[in-house]
Amino acid sequence: NHVVAALWPVSDVASGTWIPAFYKHLGQTGNAEQSAFALRQAQLSLYRSPHYRHPFYWASLVHFRRVVF
């Protein structure tokens, strides 16, 4: 029901930063419903890094959730 995707190719090196941060925050919540929060925290970890501060590295990461009506 949840998908995290990149809208454009992401640097492999930058991925080595945001993926562990994403799973760290996802694991802290213990709830897959918090995947949007975990993604935001991972994006912030990239933003705070002097090497990955440019939006190219973190702005392509988006969260989609299937909504059932």
Rounded to the nearest 0.5 Å, what separation is found between the [atom1] atom of [X] and the [atom2] atom of [Y]?
X: Leu39; Y: His2; atom1: CG; atom2: NE2; result: 12.0 Å
X: Arg40; Y: Ser45; atom1: CZ; atom2: OG; result: 10.5 Å
X: Arg65; Y: Asn1; atom1: CZ; atom2: CG; result: 7.0 Å
X: Ser49; Y: Tyr57; atom1: OG; atom2: OH; result: 9.5 Å

What are the two closest heavy atoms between [X] and [Y], and how far apart are they?
X: Ala14; Y: Leu46; answer: O-CD2, 3.7 Å
X: Val10; Y: Ser15; answer: CG1-OG, 3.7 Å
X: Leu26; Y: Gln34; answer: CD1-C, 4.4 Å

**OP:** Return yes if some donor-acceptor pair links the side-chain N/O of Trp8 with the main-chain N/O of Phe56 below 3.5 Å, else return no.
**Re:** yes

**OP:** Anything under 30° is parallel, anything over 60° is perpendicular, the rest tilted; go ahead and classify Trp18 against Phe22.
**Re:**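 Rings of Trp18 and Phe22: perpendicular, over 60°.
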
**OP:** Decide whether Ile19 and Leu44 are clustered together by the hydrophobic rule: side chain heavy atoms of Ile, Leu, Val, Met, Phe, Trp, Tyr closer than 4.5 Å, transitively.
**Re:** no

Subject >> Counterpart residues, side chain to side chain donor-acceptor pair (under 3.5 Å), relative to Tyr47 (two or more places apart) >> reply: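 Here the qualifying residues are Arg53.
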
**OP:** Could you note down all residue pairs passing salt bridge (charged side-chain N to carboxylate O under 4.0 Å, His left out) where residues 3-12 supplies at least one of them, sequence neighbours left out?
**Re:** none

